[in-house]
Visitor: 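Input: one structure, supplied below.
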Amino acid sequence: MENAQSNVVNLAQFDKGKKALNPANALTLLNQCRDRFILAIEHVWNEQRDAIEMNLMAAGDNSPILENRNWYFQAQNLLRHRNESLVTGFRKQITSKLEKLAQVRAQHSASDEFIIDDLSLVDEEMFETSLAIRKVASRLQMDAVESLAALDRRVAMLLQNVNGRSGDNPFSPTTLCDAFLAACSALDADTRIKLILLQQFDASVVPVMPNIYQELNQFLIGKEILPDLKIGSDRAHGRSSAQRTNVATGLPGMQHSGNNDDSDAGGMGGASGTGVDLFALLQQLLARSQLAQGKSWAEPSGFAGEGGGQMAGDPIMTLTQLQRGQYRPSVPVNFDLSRLQTGGGNYLRDLREAGLVRAENRTDDFVIDIVSMMFDHIFDDDDIPAALKALIGRLQIPMLKVAMLDRQFFSRKNHPARHLLDEIASASMGWVDEGEDNKALYTKISAIIQSVLNDFNDDISIFDTLSADLQAFMAEHEARTQIKVTQTANAMESAERVHLAEVLVNQTIEKIRLEVLGDSSETIPELIDEFIKISWHRVLLERYTKGGDTDPAWQAGLKTTRNLFWSVLPKLNTEDRLKLVSMLPELLQQLREGMEQIGIAGAQRDILFSALIAAHSAAVKAGVQPTTKAPIDTEAYRSVLSEVAAKPVAALEEITDVPIEHFDFSPDPVETLHDDEFTEQARTLKKGMWLEFTNPDGSQRTARLSWVSSLRGVYLFTDNQGLNAITITLPRLAARFRNSTARPMKSGSLTERAVDRLIHRLQGKK
């Protein structure tokens with residue numbers, strides 16, 4: 001009883017404080033709060049403006065869709081040139097709201113009861129705007145729940161309004177968002193631009209709003225406005241059946257104390273200002289949809305029970321028995337209870353049709369429909385493997401229980417139960433039924449789901465515990481995966497460096513050849529040309545990959561290359577012949593060291609040098625006496641060169657066991673890079689994103705982007721174990737997007753996607 005009293009406002013104290021405050025003083029305090037509120041927000045907004053402009057510019061640059069890119073740039077341009085007008089408009093909107101509330105005591109003409117006929121659907125543009133406001137306001141309401149509840153009370157006292165609702169608070173999250181969008185509208189900003197700016201407002205200002213609300217509370221406490229006020233958080237994890245829904249009003253998730261206080265201390269998503277959260281919105285859309293189909297609105301009669309009558313006791317207890325496989329009907333039911341353990345398909349509707357689950361009021365009836373429809377979309381999600389989808393399906397009854405216990409399940413994207421679902425879905429990406437890690441992952445997810453079925457009664461904190469357990473498991477899994485990815489990436493990078501070095505060495509050799517030969521009609525002897533292109537090329541390649549172009553060994557190799565080319569050209573005068581004789585000892589020494597570096601010594605080296613000796617002899621005798629070709633075993637010579645060509649480059653010797661597969665494409669060349677949305681889509685892929693590739697035989701393969709080469713821009717994809725590496729170039733990946741043989745898989749929150757798809761479905765959208 002003592003705890004219950006600590007969570008409510010002492011009305012006697014409230015009335016006492018109200019009598020002691022005259023209207024003039026109250027108005028002065030309200031205006032002071034307004035000024036503090038506006039100045040604090042303006043300060044944060046202006047401090048962040050440069051960063052916001054940079055964000056908008058980056059978003060525009062990175063957007064693959066031209067239309068979206070233009071919206072971002074227009075928003076950035078508006079902010080750059082009309083920010084002062086925007087801030088002024090925001091100030092006027094907040095001031096106007098406060099003036100209206102100060103002049104007239106807040107009147108709530110509409111009943112809080114959820115009445116279908118009183119709700120009207122808005123057009124798409126208004127709906128998108130309303131949805132955006134609700135999302136931002138919901139997050140802020142949750143982040144500052146206790147500060148806002150206290151501020152609602154103190155502002156209500158200043159306004160002489162005993163109800164103290166968030167909707168009457170000119171500083172509420174919804175009013176804040178309304179004011180910002182209204183200020184944007186005053187600048188004739190398009191709806192898309194307004195929503196983009198609201199996103200930036202959400203990212204830059206909303207995170208500091210809890211501090212601003214707390215400062216307003218401290219200011220009013222200093223002015224003796226309800227200094228001893230105690231507001232308790234309504235975010236209890238376990239609630240009784242009576243607490244779940246106030247049947248008298250029909251409003252989901254509202255807690256009512258003995259003073260008829262209907263303020264949302266629990267921070268319901270869109271309740272502040274509008275009285276309707278996301279669940280209420282879903283109710284509205286679902287009701288309209290069902291009425292359009294001619295369905296009746298008879299009040300549900302309760303849960304079916306033993307002998308076909310109503311089941312005694314808490315409906316949550318009944319769901320718990322079904323969840324744990326402990327429910328034993330005394331009469332036959334038209335439902336295979338084993339389906340609850342297999343998770344195959346959506347069975348919530350079948351449970352209701354079999355009389356095992358029926359709502360005790362209209363609101364719970366909506367909950368069953370909405371949760372069932374949400375799981376429809378989860379089961380329709382093609383990016384979740386079927387085996388893991390069956391595991392997720394076993395959570396249908398626990399999620400229904402959570403939704404009946406806590407309406408914030410629909411409004412809070414980070415709700416513990418939704419978070420666990422999202423973590424499981426994220427872990428399922430790319431899962432296949434092979435490999436030790438995948439088997440361990442399946443076992444872990446199965447164990448976590450079994451823990452929910454065994455242990456979840458009405459305390460939703462279990463979902464936080466299990467989410468943390470899964471995250472720890474996935475962190476270890478990811479660490480092992482990254483080791484394999486790093487090995488493959490290192491192998492690719494080494495191979496690319498060797499490839500680039502080969503190109504550079506070839507170009508360097510040809511450049512030296514042209515410099516030495518000049519305009520001469522002379523040619524390099526065939527066998528010596530082969531020696532340079534194969535054996536000496538390998539020496540230069542090893543030196544470059546090891547030390548780069550500043551390495552003394554590389555520089556010495558270039559000098560030797562130049563001398564070698566010159567040494568085999570005909571020497572037509574005494575000066576050149578003497579020069580050759582003097583350089584030969586050093587040249588041959590450099591060539592011996594080079595051959596040893598690539599593992600050519602002894603008899604193999606002598607075979608190669610036999611051709612050099614013959615070439616040098618011919619060069620010296622040129623113009624002096626007829627040249628006679630020295631006998632050379634060309635077959636043995638070229639056999640040694642073949643062995644040199646087959647030797648692995650030292651930089652690749654340690655990574656040749658890393659398997660890397662390259663995609664096969666149609667013979668049509670696709671290396672040309674087209675500047676279109678598909679190339680942009682490929683460019684903007686982020687590490688960790690999953691793609692589904694369609695193979696020539698029609699089969700699908702999922703792979704995660706694990707690394708992008710900084711040298712050649714090659715993309716490395718792996719499976720969820722860091723194995724089965726595949727590589728693809730940017731032009732070829734863009735071609736895959738272009739011909740629809742590659743598509744990005746869905747990322748982000750599974751439950752948010754399901755809820756968004758549900759809203760679109762109920763709106764009649766695809």
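Hydrogens, waters and symmetry mates play no part in the numbers below; they use all other heavy atoms, side chains included. The first residue in the sequence is number 1, and the count goes up from there.
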Visitor: Mind checking what makes salt bridge (Lys or Arg N to Asp or Glu O under 4.0 Å) contact with Arg638, not counting sequence neighbours?
Guide: Glu526, Glu530
Visitor: May I have the step-by-step check of side-chain contact (heavy atoms from CB on, under 4.5 Å) for Val539 and Thr560, ending in yes or no?
Guide: CA-CA 11 Å; Val539 173; Thr560 302; over 6 Å; no
Visitor: Counting only heavy atoms not in Asp519, do more than 12 sit closer than 6.0 Å to its CG atom?
Guide: no
Visitor: Is there a side-chain contact (heavy atoms from CB on, under 4.5 Å) between Phe473 and Leu441? Walk through the geometry before answering.
Guide: CA-CA 8 Å; Phe473 176 88; Leu441 175 59; 3.8 Å; yes
Visitor: Mind checking salt bridge (Lys or Arg N to Asp or Glu O under 4.0 Å) for Asp50 and listing every partner two or more places apart, or none if nothing turns up?
Guide: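 Asp50 satisfies salt bridge (Lys or Arg N to Asp or Glu O under 4.0 Å) with no other residue.
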Visitor: List for me each residue that meets side-chain hydrogen bond (donor to acceptor under 3.5 Å, both in side chains) alongside Thr679, sequence neighbours excluded, and say none if there are none.
Guide: Asp676
Visitor: Which atoms form the tightest heavy-atom contact between Leu564 and Leu587, and what is the distance?
Guide: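 Heavy atoms of Leu564 and Leu587 come nearest at N-CD1, 4.1 Å.
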Visitor: Does some side-chain heavy atom of Leu641 sit less than 4.5 Å from a side-chain heavy atom of Ser535?
Guide: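 Yes - at least one pair of side-chain heavy atoms lies under 4.5 Å apart.
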Visitor: Within this structure, what is the CD-CE distance for the pair Glu692 and Met745, rounded to the nearest 0.5 Å?
Guide: 6.0 Å
Visitor: Run the numbers on Asp551 and Lys546 for salt bridge (Lys or Arg N to Asp or Glu O under 4.0 Å), then give the verdict.
Guide: CA-CA 8 Å; Asp551 185 38; Lys546 181 179 180 181; over 6 Å; no
Visitor: With the threshold set at 4.0 Å, does a side-chain nitrogen-carboxylate oxygen contact exist between Arg683 and Asp61?
Guide: no
Visitor: Apply ring-ring contact (aromatic ring centres under 6.0 Å, His included) to Phe531 and list each qualifying residue two or more places apart in sequence or on a separate chain.
Guide: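 For Phe531 there are no ring-ring contact (aromatic ring centres under 6.0 Å, His included) partners, ignoring immediate neighbours.
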Visitor: At what distance, to the nearest 0.5 angstrom, does CZ of Phe693 lie from CD of Gln700?
Guide: 12.0 Å
Visitor: Any luck finding a side-chain donor-acceptor pair between Gln597 and Glu542 under 3.5 Å?
Guide: no
Visitor: Decide yes or no for Ile528 and Leu612: does some side-chain heavy atom of the first lie under 4.5 Å from some side-chain heavy atom of the second?
Guide: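 The answer is yes; the side chains approach within 4.5 Å.
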Visitor: Is it the case that the side chain of Asp697 and the backbone of Ser699 share a donor-acceptor pair, with hydrogens and angles ignored and the cut-off at 3.5 Å?
Guide: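 Checking the backbone N and O of Ser699 against the side chain of Asp697, a donor-acceptor pair under 3.5 Å is found.
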Visitor: For Arg605, which residues count as a side-chain contact (heavy atoms from CB on, under 4.5 Å) partner, sequence neighbours excluded?
Guide: Arg592, Met595, Glu596, Ile600, Phe609
Visitor: Out of curiosity, Glu510 CD to Lys533 NZ, how far, rounded to the nearest 0.5 Å?
Guide: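 Interatomic distance, Glu510 CD to Lys533 NZ, rounded to 0.5 Å: 6.0 Å.
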Visitor: Salt bridge check: are Asp529 and Arg513 linked by an N-O gap of less than 4.0 Å?
Guide: yes
Visitor: Does Lys559 have any side-chain contact (heavy atoms from CB on, under 4.5 Å) partners at least two apart in sequence or in another chain, and if so, which?
Guide: Asn563, Glu586
Visitor: Does the pair Asp437/Arg480 count as a salt bridge with the N-to-O cut at 4.0 Å?
Guide: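 Arg480 and Asp437: salt-bridged.
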Visitor: What pair of heavy atoms forms the shortest contact from Thr702 to Gly430, and how long is it?
Guide: OG1-CA, 3.6 Å
Visitor: Can you find a pair of side-chain heavy atoms, one from Asn55 and one from Gln199, that are under 4.5 Å apart?
Guide: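 No; the side chains remain at least 4.5 Å from each other.
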Visitor: Mind jotting down which residue pairs meet the ring-ring contact (aromatic ring centres under 6.0 Å, His included) criterion with at least one end in residues 553-580? Sequence neighbours excluded, please.
Guide: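 Checked against ring-ring contact (aromatic ring centres under 6.0 Å, His included) - neighbours excluded - the pairs reaching residues 553-580 are Tyr544-Trp554.
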Visitor: If you take all heavy atoms of Asn573 and Asp576, which pair is closest and at what distance?
Guide: OD1-N, 2.7 Å
Visitor: Are Thr508 and Leu540 close enough that some pair of their side-chain heavy atoms sits under 4.5 Å apart?
Guide: no
Visitor: What's the spacing between Leu470 CG and Asp422 CG if we round to 0.5 Å?
Guide: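 Rounded to the nearest 0.5 Å, the CG-CG separation comes to 11.5 Å.
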Visitor: Indicate the atoms forming the closest heavy-atom contact of Phe737 with Ala742, along with that distance.
Guide: CD2-O, 3.3 Å
Visitor: Return yes if some donor-acceptor pair links the side-chain N/O of Trp45 with the main-chain N/O of Val205 below 3.5 Å, else return no.
Guide: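 Not at all, since once roles are kept as given, no pair shorter than 3.5 Å links the two residues.
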Visitor: For the OG atom of Ser426 and the CG atom of Leu421, what is their distance to the nearest 0.5 Å?
Guide: 12.5 Å
Visitor: For Val505 and Trp536: C-alpha separation, side-chain torsions, deciding distance, then whether side-chain contact (heavy atoms from CB on, under 4.5 Å) applies.
Guide: CA-CA 10 Å; Val505 168; Trp536 194 247; over 6 Å; no
Visitor: Using the test salt bridge (Lys or Arg N to Asp or Glu O under 4.0 Å), find all partners of Glu47 that sit at least two apart in sequence or belong to another chain.
Guide: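 Glu47 satisfies salt bridge (Lys or Arg N to Asp or Glu O under 4.0 Å) with no residue once adjacent residues are dropped.
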Visitor: Do you know which two heavy atoms are closest between Pro570 and Glu522, and how far apart they sit?
Guide: CG-OE1, 3.4 Å
Visitor: Taking the side chain as every heavy atom from C-beta outward, state whether Leu500 and Leu504 have any atom pair closer than 4.5 Å.
Guide: no
Visitor: Would you say the side chain of Tyr715 lies within less than 4.5 Å of the side chain of Thr729, judging by non-hydrogen atoms?
Guide: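 Contact flag for Thr729/Tyr715 side chains = no.
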Visitor: Are the side chain of Arg738 and the backbone of Phe678 linked by a donor-acceptor contact shorter than 3.5 Å?
Guide: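 The answer is no, because no donor-acceptor pair under 3.5 Å joins these two groups.
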Visitor: Looking only at atom types and distance, does a side-chain atom of Lys621 sit under 3.5 Å from a main-chain N or O of Ala619, one as donor and one as acceptor?
Guide: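 No: the side chain of Lys621 does not pair with the backbone of Ala619.
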Visitor: Quick one: closest heavy-atom pair of Arg69 and Gly60, and the distance?
Guide: CG-O, 2.8 Å
Visitor: Is there a side-chain contact between Leu541 and Glu502 (heavy atoms, below 4.5 Å)?
Guide: yes
Visitor: Can you check whether Leu517 reaches Ile524 side chain to side chain, under 4.5 Å on heavy atoms?
Guide: yes
Visitor: So, the side chain of Lys444 versus the backbone of Met474: is there a donor-acceptor pair under 3.5 Å, distance only?
Guide: no
Visitor: Is the number of heavy atoms from other residues, nucleotides or ligands within 6.0 Å of CE (Met54) greater than 12?
Guide: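 At most 12 heavy atoms, drawn from other residues, nucleotides or ligands, come within 6.0 Å of this atom.
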Visitor: Using a strict threshold of under 4.0 Å (side-chain N to carboxylate O), is an ion pair present between Glu53 and Arg49?
Guide: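 Yes, Arg49 and Glu53 are salt-bridged.
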Visitor: Is it the case that more than 12 heavy atoms not belonging to Asn414 sit under 6.0 Å from its CG atom?
Guide: yes
Visitor: Begin with the C-alpha distance, continue with both residues' side-chain angles, and end with the deciding distance and a verdict on side-chain contact (heavy atoms from CB on, under 4.5 Å) for Arg732 and Arg736.
Guide: CA-CA 6 Å; Arg732 289 176 179 261; Arg736 281 271 179 151; 5.8 Å; no
Visitor: Of all residues at least two apart in sequence or in a different chain, which pass the side-chain hydrogen bond (donor to acceptor under 3.5 Å, both in side chains) check with Ser204?
Guide: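 For Ser204 there are no side-chain hydrogen bond (donor to acceptor under 3.5 Å, both in side chains) partners, ignoring immediate neighbours.
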Visitor: Once you round to the nearest 0.5 Å, how far does CG of Leu591 lie from CG of Leu584?
Guide: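 So the gap between those two atoms works out to 9.5 Å.
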Visitor: Looking just at side-chain N and O atoms, do Trp71 and Asp190 make a donor-acceptor pair shorter than 3.5 Å?
Guide: no
Visitor: What residues, two or more places apart in sequence or in another chain, satisfy side-chain contact (heavy atoms from CB on, under 4.5 Å) together with His419?
Guide: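 His419: side-chain contact (heavy atoms from CB on, under 4.5 Å) contacts with Glu423, Ser467, Gln471.
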Visitor: Which residues pass the salt bridge (Lys or Arg N to Asp or Glu O under 4.0 Å) test with Glu478, sequence neighbours left out?
Guide: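 If we apply the salt bridge (Lys or Arg N to Asp or Glu O under 4.0 Å) test to Glu478, skipping adjacent residues, the hits are Arg704.
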Visitor: Got a donor-acceptor contact below 3.5 angstrom from the Ser446 side chain to the Tyr442 backbone?
Guide: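 A pair under 3.5 Å: no.
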Visitor: Please answer whether the main-chain N or O of Ala614 pairs with a side-chain N or O of Ser617 as donor and acceptor at a distance below 3.5 Å.
Guide: no
Visitor: What residues, two or more places apart in sequence or in another chain, satisfy side-chain contact (heavy atoms from CB on, under 4.5 Å) together with Leu514?
Guide: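 Residues passing side-chain contact (heavy atoms from CB on, under 4.5 Å) with Leu514: none at all.
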